[in-house]
Amino acid sequence: MDLGLKGKVAVVTGSSVGIGAAIAAGLAGEGVNLVLCARNAERLKTKAEEISGQYGVRVIDVAADVAKASDIERLKGRVEAEFGAVDILINNAGTGSEETIMDAPDEKWQYYWDLHVMAAVRLTRAMVPLMRAKGSGVIINNASICASQPLWYEPIYNVTKAALVMLSKNMANEFIKDNIRVNAVNPGLVLTPDWMNTARQLTADKDETPEQYLEQIAKDNAPIGRFATPEEIADFFVFLCSDRASYAVGSTFYVDGGWLNVIT
């Protein structure tokens, strides 16, 4: 299936590892030129060179913390200087939190609000004018199943991802008149470096391997009985970026192996 994405330009945040890196590679495989953004400059540069070398597309790497407004302005400047306009924005940057409501200080709430919500607001404000210059665009916000089915140990993550889903709906309503489609994706269990690090920490002093821990997590939560690979999630994102998904506007898609326990 030709998705018709060749030659387009995409900005992907949090794209040095995990789901973001897989989305970037998936788009590159369709001939999309990329602006990759993440905090770790060395790791990001390595990923950009890897994708460019494998797929032969143009890849620009911009080390930035999207929780900071000044870094987003710098990212916008690089996009304008290198490409002039943009077709796709993937708001993917984010991470888990782990706290209780009683113990988490205001500063932690503010940081995750800036990372998961305000980053999407600011990046959208930065990129929508560049999409209008092309006459169309696609924005996809990577939220989480936790936006609807919260995990007890990360209330800040749950709340900010729920806000991101609502933001996506409002963005979709506002920008469809500009021929800019906005959707959200709520992944379930995805085997990312964050999950592997968590598994190693929680099994360090136990008679259980990280792999066994993750296998049990999957069996307990996902009817499919396993974690998704980042590439499986990325394939869904790539499809949503294409005109094959042209009637998908303002929706939230669950890619969770059956984990969600309610009908939405």
With a 4.5 Å cut-off on side-chain heavy-atom distances among I, L, V, M, F, W and Y, is there a chain of contacts connecting [X] to [Y]?
| X | Y | result |
| --- | --- | --- |
| L130 | L34 | no |
| F253 | V238 | yes |
| I233 | I224 | no |
| V185 | L167 | no |
| I140 | L115 | no |

Restricting to side-chain hydrogen bond (donor to acceptor under 3.5 Å, both in side chains), what partner residues turn up for R125, sequence neighbours left out?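 For R125 there are no side-chain hydrogen bond (donor to acceptor under 3.5 Å, both in side chains) partners, ignoring immediate neighbours.
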
Heavy-atom pair of closest approach, residues [X] and [Y]:
| X | Y | value |
| --- | --- | --- |
| L27 | C241 | CD2-SG, 4.1 Å |
| A234 | I23 | CB-N, 3.5 Å |
| R74 | A63 | NH2-O, 2.9 Å |
| A172 | G250 | CB-CA, 3.3 Å |
| A21 | I51 | O-CD1, 4.3 Å |
| L44 | A38 | CD2-N, 3.6 Å |

With heavy-atom distances below 4.5 Å as the criterion, would you say the side chains of [X] and [Y] are in contact?
| X | Y | result |
| --- | --- | --- |
| N186 | D256 | no |
| L123 | V121 | no |
| V32 | V9 | no |
| N33 | V59 | no |
| M171 | I139 | yes |
| N173 | V249 | no |
| V128 | T124 | yes |
| L36 | V62 | no |

Does [Y] offer a backbone N or O that forms a donor-acceptor pair with the side chain of [X] under 3.5 Å?
| X | Y | value |
| --- | --- | --- |
| D65 | A67 | yes |
| T203 | K206 | no |
| S15 | C37 | yes |
| R78 | V35 | no |
| D71 | A64 | no |
| S242 | R244 | yes |
| D243 | S246 | no |
| S52 | E49 | no |

Could you walk me through whether I180 and V138 pass the side chain to side chain contact (heavy atoms under 4.5 Å, CB included) test, one step at a time? CA-CA 5 Å; I180 296 171; V138 172; over 6 Å; no

For N91, run the side chain to side chain contact (heavy atoms under 4.5 Å, CB included) check against V12, L164, N141, V182 and tell me which one passes.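 Of all the options given, the one that passes is N141.
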
Just to verify, what does [X] make a side chain to side chain contact (heavy atoms under 4.5 Å, CB included) with, not counting sequence neighbours?
| X | value |
| --- | --- |
| E231 | A22, T229 |
| S136 | N179 |
| N142 | I19, N92, P187, F237 |
| K108 | S97, E99, P105, Y112, I156 |

Quick test of your reading: applying ring-ring contact (aromatic ring centres under 6.0 Å, His included), list the pairs with at least one residue in residues 26-56, sequence neighbours left out, ordered by first then second residue.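 Sorted pair list comes back empty.
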
Only pairs at least two apart or in different chains count here, so list each ring-ring contact (aromatic ring centres under 6.0 Å, His included) that has a residue in residues 74-107.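 Passing the test, one end in residues 74-107: no pairs.
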
Might you work through the salt bridge (Lys or Arg N to Asp or Glu O under 4.0 Å) test for R58 and E82, ending with a clear yes or no? CA-CA 10 Å; R58 190 177 176 199; E82 298 288 348; 2.5 Å; yes

[atom1] of [X] to [atom2] of [Y]: how many Å apart, nearest 0.5 Å?
| X | Y | atom1 | atom2 | result |
| --- | --- | --- | --- | --- |
| Q149 | N221 | CD | CG | 8.0 Å |
| L240 | D235 | CG | CG | 11.5 Å |
| K68 | R122 | NZ | CZ | 12.0 Å |

Are E215 and R226 ion-paired here, with the side-chain N under 4.0 Å from a carboxylate O?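 Looking at R226 together with E215, the answer is no, because their closest N to O distance does not fall below 4.0 Å.
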
Could you tell me whether K45 and E42 have a side-chain N and a carboxylate O separated by less than 4.0 Å?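 Salt bridge: no.
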
Please list all pairs meeting salt bridge (charged side-chain N to carboxylate O under 4.0 Å, His left out) that have one or both residues in residues 85-94, counting only residues at least two apart or in different chains.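 Qualifying pairs, neighbours excluded: D87-K134.
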
Is there any salt bridge (charged side-chain N to carboxylate O under 4.0 Å, His left out) pair reaching into residues 153-181, and which pairs are they, with sequence neighbours excluded?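 For residues 153-181: R132-D178.
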
Answer with yes or no whether the side chains of Q216 and D220 bring together a donor and an acceptor at under 3.5 Å.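 Checked: D220/Q216 side chains pair up, N/O donor to acceptor below 3.5 Å.
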
Going by atom types alone, do N183 and S168 pair a side-chain donor with an acceptor below 3.5 Å?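 No donor-acceptor contact under 3.5 Å links the two side chains.
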
Would you sort out whether I90 and T13 count as a side chain to side chain contact (heavy atoms under 4.5 Å, CB included), showing the intermediate values? CA-CA 6 Å; I90 307 293; T13 68; over 6 Å; no

Test salt bridge (Lys or Arg N to Asp or Glu O under 4.0 Å) applied to D114 - qualifying residues, sequence neighbours left out: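 Testing D114 for salt bridge (Lys or Arg N to Asp or Glu O under 4.0 Å), a comparison that skips the adjacent residues, returns none.
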
Is the CH2 atom of W113 crowded by more than 12 outside heavy atoms at less than 6.0 Å?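 Open.
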
Kindly give the cluster partners of Y213, where membership spreads through any ILVMFWY side chain lying under 4.5 Å from a current member.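 The other cluster members (ILVMFWY side chains, heavy atoms under 4.5 Å, direct or chained) are I145, L151, W152, Y153, L189, L191, W195, M196, L202, L214, I217, F227, Y254, W259, L260, V262.
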
Which Ile, Leu, Val, Met, Phe, Trp or Tyr residues join M102 in one cluster when any pair of side-chain heavy atoms under 4.5 Å counts as a link?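 Its cluster partners, ordered by chain and number, are none at all.
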
